[in-house]
Structure formats: C-alpha cells, structure tokens
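Here is how names work: the chains are called A, B, and so on, in the same order as the sequence lines, proteins then strands, and each is numbered from 1. The structure displayed is predicted, hence computed values, not measured ones.
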Amino acid sequence: MRELTEKVAIEGKNIVKDFQLGDTRTRVLKSISLKVSQGEFVSIMGQSGSGKSTLLYILGGLDTPTSGAVFMNGIDISKLGDEKMSRIRRQNIGFVFQFYNLIPNLNVEENIMLPLLLDGKKMRDYKKSLTDILEIVGLSNRRKHTPRELSGGQQQRVAIARALIGKPQRAVAELLQ
Amino acid sequence: MKCWKLLKEILEWDEGYSEILIEAAGHITTSNLISELRSNLDTEKYRVSEIVNEMQIAADARQKSMPFFLISFFSLTMSIFIIYSSYKVISLDRLPIIGTFRSIGATKKAVTRILLLESLFYGCMGGVIGIPVGILVLKAILQGMGNSLAQGIEIPVIISLPGVFLSFAVAVIVSLLSAWLPVRRASRLPIKDVVLGTVEERHIPRPLIVGMGIVLFAVSALLPHFASGNMLYLAGGFSLLGLIAATILVIPIFTSIVSVGLERFYGAIAGNEGRIAARNMKDNNNTTQNITLLFISISAIIAISVVGNFVTTYISDVFHGAELQGFADGRMEPEFVEQVEKMEGIDKVLPAYVFENTIKAGGTTLSRLEGTDNLEWYSSMLALNYTNNSFLEQAAASFQRKERSVILSEGCLERTGFSIGDEIILSNGTERGSYIIVGSFKSRATNVEAVIPAFYAVSDFGAAVYGFLAYTAADPDAIMVQIRALFGETSNWSRTVEEFNSDALATVGAFLEPMHTMTYFILLLATVGVINNLLINYMQKRRTIAMYKSVGLSNRQNRKMTLIEGFSCGLIGAVIAIFVSYMEIQTIFLVAAPKISMLPELDLWTFFAAGGLGIFITLLGSIVPIIKSRNMKLVEEIKFE
C-alpha cells in the first residue's frame, strides 16, 4: 500500500461552479471541499452530469471556480495569472484527458515531450526518460507516428506518458477506461 | 459644289484662319475626303491631314486596357481561391448537419443541390450588391479623373446592359464553381463516417501531386516560347493559369521542406516555441492555404504594379531609348536647317523630307514617308528597332551607296503584304520610282511608315523643303527657343523631349489613375482575403491551441508561436510570389512583344516591397487570433465536439 503523508497535494475549499447559458444559471458544484494527500489515490465517482469533470478541471488548474479556492503547495492556484498557472500545468500537474487531446501534427515522442518542451527543456536532455517511458507504455516502435496512425488505446497511452514524463507531483485523469 | 465654293471663299479671306476643320458628309469616307482635298488644293500652301486616326486610337486603347485586364484576371483568381477555401471550411463545419440530413433519407444529389443553391444565393447577393456599388465607385473615380484633366474633359461612364448581365453572371458562376468541389465532396462522404465524426481528409499520393506540379510548371513556362501569332495569346493565358495552378500543387511540399530547415533555425534563435511553430507548419493544410492565398495576392500586386508602371512609361515616354532631345515639325527651308546647325551648343541635327498621305506604295497610300541622308543617325535619333539586327547595317550601307532602297515599318509591311527583298513602286501620282525593301522596323518615337534616301526624295518626288528636324544639344531648351523664334509665324509643332513627356504624362497619367486606384483595391482584396483566411484557420485550430494550453502553453508563448508562424507563412508566400510573378511578367511581355518595342525595367524594390507587405498583412492578421486565444475558455474548447 502506498505510504500516505500529512502533506497535502491538492486542497479544494468551498468550490462553487456556476455555468451561465443564456438567461439560465446552473450551479454544477455546490461548495465542494476536499483534501488529497501526497501519495493518495482518489477516485471521484458519480452519475452522468453530476460535475465530476468540472471538479477535475478546477482541481487540475484548467478552469477557475465561481467561488472558493484550490490550493497547491499552499498557493491558491485559482487566483493565479496566466503565466504562473501555465507553469504549474507544465511542471506540477499531469492531466490525462478523456479524449486524450493529442496534438495532431506532432508525433508520439513530440506529444509526450510537449510539457517539457514548453518549459524550455531540450529533447536531447530527456532522451533516456523518453525511451524509458515509451517502453513502459509499449510504444517504442511507434515513436515517430502521429496520433492519426494510432489506435484509441495507443493514443491513451501516449496521453498517460505525456502526463507523467515530467514526473509531476500531481496526476489527474479523466474517465480512464 | 456649295461646300467647295464656301471653302474657296474662306481660303481667299485676307485675315484667314490657320486651321479649318472639315467633316465628311455621311456617305464619304475620311480618306476619300482627304484625297479630294489634296488634289484640289495647293499642297505647297495647305496641309491636309486627318485629325483623329481611329485605328491608332483603338490600338492605343488596347495598350492602356492591358493592366485593367490583368487586374480582372488576378481579382477573379483570388476570389475563386478565397471562396473555395471558405467553402471547404463551411462544408466541414456543416458535416453534422449533412450527416443528419443523410441519416434521415436525403440523397447525395439532394444535399449537393441544397448546398449549391446556397452558394448560388451568395453569388446572386454578391452581384446585386456589388454591381451598383461598383458603378458608383467607378463614377466617382472617373469624375475625379475628369476634374483633374486640364482640358476639363468629361469622361462618360458607359455601362451597357450586356455588361451588367455579364458581371452578374460572373459573380454567380465564380461562386458556384468555387463551392462545387468542396460541396460535392462533403455530400458524397459515407453517412457512417459523417455521423460518427470519423471523416478523414482524402490522401492523394504526394509524389503524384508534386510530379504533376513540376510538369505543369515546366509546360507553362515554356509554352509561350513556342507559340506565335494568335496562338500566342492562348498560350499566354494558359501559361498564366498554369503557373498559378502548378505553384498551388507544389506549395505543400515546398512548405514542408522549408519548415524542416526553419525548425533548426528557429530552435536556435527562438527556443522551443520557435521550433514547435515551425514543426506545426509541416504537413499542415491550414498553413498551406494561407501561403497559397498570400502567394496569389502578392504575385498579383507585383505583376499589376510592374505592368501598370510599364504601360505608364510606354504610353507617356514615347521617346524612351531615342537619342533626340528636341524636334520640329513644320516647313523648313535648307537655310533654316543651316541656321540650326550653326546654333551654339548644337550637337547633331537630322533634317528629313516628309510626305504625308501623298506617296503610294503599290496601291496603298503611305500615311508618312520620310527621306534622310543619314540612316544611322535617323535610326538612333528615333530609336528604330529593326526586326533583324542585320537590317540596319544593310540598309545604312545601301542608303550610303544611294541605291534605290526603302525600309518599311512592320505595321506597313503587314498592311501592304510586302516582304523584305520585294521591289515596289512608290508614286505620288505624277512621278514614280522603284525601290527594293531592304529592312523593316518598329518605333514608338515616330509614326513613319517608310524611309528612303533623301537623294531620291528630291530627284523622284521633287522634295525641296524639309518637314521634320531632330536634334541633340548641350541645352535642348535653349535651342528650342531659338528654333521657335526662327519659325516666326510659320505653322509648326516643336517640342523638346522633356516638354513632350510632361505633356503626355499629364494627360496619360490622368487616364491611368484608375489603374493605380485598382491596384489598391487588389491590395484591399488581398488583405481581406488573408485576414479572413487566418480567422478561419483560427476557428479550425482553436481546439489544438486549447490542447497546447492544457499542457502548459502560456498566452505569451502562444503569442510568440502565432507570430512566428504568421511571419514564416508570410515569408514563404512572399518568396514564392516573387519568383512566380517574375515568371508571369516574362510571359506577359513575351505575348505582348510583337506589338511593343520596349521591355519593362524590373525594379527590385517593387518585388521586395510587395513581399514585405505580404509579411506585414499576415502579421496583422495574426492579431485577432492572438486576442481570441487569450480569452479562450479552455474547458469548452477541449471537450470533444
């Protein structure tokens, strides 16, 4: 069993999220609070339309709550500007999307390396890490292929590899099958 | 009889007129009237000539209309491409609706018909709105032009009903033709793929496309060199279209190759964002579309600018390349010429005997025949371009030996059906002489049809006074003042070349102003088209941008990447446009060469300025996508549509 620590990886406090569609305002998240400790594995389950993805996007820094806060390393990320938030997405969070969201023009190794490339890292400095992760996900012989040339399962593995290549402190995965 | 009596009375008046304008009665042709007047009047005392040469006007008008024709050609090409690329996107966006239609029973034909009717509607609306707006704009331009002419000429706007119908038909046809391919492709997709959203771009093997492009390019470039006569126009038209089509086929592979190089270059100077921006351009349909539109626009602007400037120079600077610096047209005794030769600062003086519409060659009246004793000076002073380089030497030697030789203009040769080497009879009705045709030429500085040795102008046709004089001098203006003083009251038309050119430019420049205005319209069309394309590209790319942002692309990095991509597209489009427009200009002037005796001077600045403009427009067009990306709602974009 994974060792849990007291250190909090992500904390959400009184997260409220409303969506405005024309004149209609819909409250999707009604004051959600949660704490995920370092080393903890949390699964959020619920009915279709209950707000699971919405909560994940907020906790993963892709959306901001209508009210409430999301803390990482003691910082409320929901209040951060674009530059700082983007750095957190690159360095501290690995997100695996439901539909993978691979860049169509880039090949497998470029897609995997993307967060590091955007962080200014050089491909050659991560050759070994890349090779290792490709082996783990079983795509060593597909590294130069584009997403169009992969099956759904292979694309998902690329998405997972991309989320983990930078060894982020937090990984968020949406509806893994 | 009455008219002759009246004319005789007018001519006998003490304080007479210097010019009498005569209109031919309905059934009498101008040339018959002129012949009749010449045979009844003392040609020593009176000069009878045509005021307006309608054939010459028609020929001049054709020259002036060439740039406008080019403008129409390039506008149509750009419009077709803009509508085609817009419809490609519209069809893709409409796929869910098309899928719904097909899944509930609509046939492929029905779907095609519905979408084409829509494009027909757009074409009709374009015509209905565009034609009145175009007429208003044209009226405004021509009114402005008329106001600027010193003579206060009003230029009528002649818009015929057939012209209106033709414009409307073009609007509809262009819209339908441009939309037809994407619409047909979209409506023929398998229903399953459309409904499930698994539509894939049709993949045509690249070697085949590139091969076709290269072959088409080579054929288009070479074809006009092998055509002649009327086939030259067809070949020229095919060449222009072929060059554009071939370039469109080759742009994708060219872009991919360049982007590989740019990846390394940008990686070194702009970091990973630059490398990724270059990488994004490889095998990217959006990028290819941008570059294609940019290339069509920039090459249109370059070609129209070069041709427009050439036409302005060609029409207004008729003495371009001619050595003379001043000329006098009037009755000049030998003593007059001697006095000119003695003027201080004079360099060369070339007098010539002139016969206007009095000498016949075979049965054809020559509009102007001149006699000179120095054909070499004559040729350089009046920039005679001989059909064959050896003609000048042969003819000059023949003139020097006082042989019975004549040189004819190319137009005259065509008109009379004579050939080099033919022996012809020149006659003024009473005297006649036989001459051998030893050469042919064309010249913009003179409308002379035939030139014979001065010796025979005197011995055969009794020439006693000169009718034309050309000179070069240290101070042409000072000489001209003296020449005008020498003429006194004698009717003459004397100008320095500089005076002639500024008069011509003032008139011609005003008439060609609409052409320069149209060039700005092309620029506007290009700008709107490129920006529209970039916005469409943004709409197609926004999900991809959202994906980048979801893994950590900041707004600053996105701005950097967008600008690098925009700059690169602009640069590639500009380079291709400069090369292809150079080829297009070669084709245009190859086709026009038989009719003109001047080649365009290509100014590098025109090419680079147009290229720079293209890059600027692309960067400008990147602003809106950058702003829209900043305000993008990430979650909404990355959710599967």
Side-chain angles (χ1 to χ4, degrees), chain A residues 17 19 21 28 53-54 56-58 60-64 80-107 110-124 146-148 152 159 162-163 165-166 168 172 174-175, chain B residues 196-201 203 255-256 259 263-264 266-268 270-288 540-561 565 629-641:
Chain A
K17 183 67 181 176
F19 284 107
L21 281 163
V28 175
S53 293
T54 307
L56 273 183
Y57 290 143
I58 290 171
L62 292 169
D63 201 359
T64 48
L80 289 178
D82 173 75
E83 195 70 34
K84 286 184 176 156
M85 194 59 240
S86 300
R87 198 180 316 131
I88 285 182
R89 280 192 215 119
R90 294 196 295 265
Q91 297 172 353
N92 300 105
I93 305 172
F95 207 113
V96 183
F97 294 93
Q98 181 180 4
F99 295 105
Y100 328 131
N101 286 356
L102 301 178
I103 308 296
N105 288 358
L106 304 180
N107 61 29
E110 287 163 344
N111 264 293
I112 292 172
M113 280 292 296
L114 190 56
L116 295 174
L117 289 174
L118 290 173
D119 215 29
K121 309 286 193 290
K122 300 241 183 314
M123 279 287 258
R124 57 172 181 265
T146 57
R148 199 185 297 130
R162 181 178 69 186
I165 185 75
V172 181
E174 188 188 5
L175 284 176
Chain B
L196 293 178
T198 54
V199 172
E200 290 250 327
E201 281 262 4
H203 180 66
T255 307
S256 292
S259 72
E263 239 186 280
R264 289 180 190 277
Y266 285 151
N272 286 338
E273 292 93 341
R275 186 177 288 120
I276 295 171
R279 183 69 184 80
N280 274 341
M281 288 171 56
K282 194 167 174 244
D283 300 325
N284 188 324
N285 285 339
N286 288 340
T287 305
T288 306
Q540 291 184 298
K541 254 174 63 172
R542 61 179 195 257
R543 187 150 183 267
T544 307
I545 296 171
M547 289 184 211
Y548 270 107
K549 286 184 135 196
S550 69
V551 295
L553 182 80
S554 67
N555 285 335
R556 181 189 55 83
Q557 287 174 313
N558 181 47
R559 185 172 61 236
K560 189 175 172 182
M561 275 171 60
E565 245 182 87
S629 299
R630 287 176 69 94
N631 303 328
M632 181 188 279
K633 287 190 170 30
L634 259 190
V635 170
E636 282 174 29
E637 297 300 338
I638 60 178
K639 272 185 180 162
F640 187 72
E641 288 169 0

Task: Within-4.5 Å side-chain heavy-atom neighbours: A:Asn101 and B:Val551 - done: no
Open item on the list: Under 4.5 Å from any heavy atom of chain B, what part of A:Leu117 do you find: side chain, backbone, both or neither?
Closed with: both
Task: A:Lys84 versus chain B, the contacting section by heavy-atom distance below 4.5 Å - done: neither
Open item on the list: Please report the interatomic distance CG(B:Leu553) to CZ(A:Arg90), rounded to the nearest 0.5 Å.
Closed with: 8.0 Å
- [ ] Kindly give the heavy-atom pair with the smallest separation between B:Asn284 and A:Asn105, and that separation in Å.
- [x] ND2-ND2, 3.1 Å
Open item on the list: So for A:Gln91, is it side chain, backbone, both, or neither that comes closer than 4.5 Å to the heavy atoms of chain B?
Closed with: neither
Task: Interatomic spacing from CG in A:Asp119 to CD in B:Gln557 - rounded to 0.5 Å - done: 8.0 Å
- [ ] Side chain from CB out, backbone as N, CA, C, O: work out which of these in A:Asn92 comes under 4.5 Å of a heavy atom of chain B, or both, or neither.
- [x] neither
- [ ] Quick one: pull up NZ in A:Lys122 and CZ in B:Arg275 and give me the separation to the nearest 0.5 Å.
- [x] 6.5 Å
Task: Side chains of A:Asp63 and B:Glu636 in contact at under 4.5 Å (non-hydrogen atoms) - done: no
Task: Shortest non-hydrogen contact between A:Leu102 and B:Met547, atoms and distance - done: O-SD, 3.3 Å
Open item on the list: Could you measure the distance from the NZ atom of B:Lys633 to the CG atom of A:Leu62? Nearest 0.5 Å is fine.
Closed with: 14.5 Å
Task: Shortest non-hydrogen separation from A:Leu106 to B:Asn280 and the atoms involved - done: CD2-OD1, 4.2 Å
TODO: For A:Arg89 and B:Lys549, indicate whether the former's side chain and the latter's backbone hold a donor-acceptor pair under 3.5 Å.
DONE: yes
- [ ] Let me know which of A:Tyr57, A:Phe97, A:Phe95 forms a side chain to side chain contact (heavy atoms under 4.5 Å, CB included) with B:Ser550.
- [x] A:Phe97
TODO: With the side chain counted from C-beta on, respond yes when A:Leu116 and B:Asn272 share a heavy-atom pair under 4.5 Å apart, and no when they do not.
DONE: no
TODO: Starting from the C-alpha separation in whole Å, work towards a yes-or-no answer on side chain to side chain contact (heavy atoms under 4.5 Å, CB included) for B:Ile276 and A:Leu118.
DONE: CA-CA 9 Å; B:Ile276 295 171; A:Leu118 290 173; 4.0 Å; yes
Task: Closest contact, heavy atoms only, B:Ser554 versus A:Ser86 - done: CA-OG, 3.1 Å
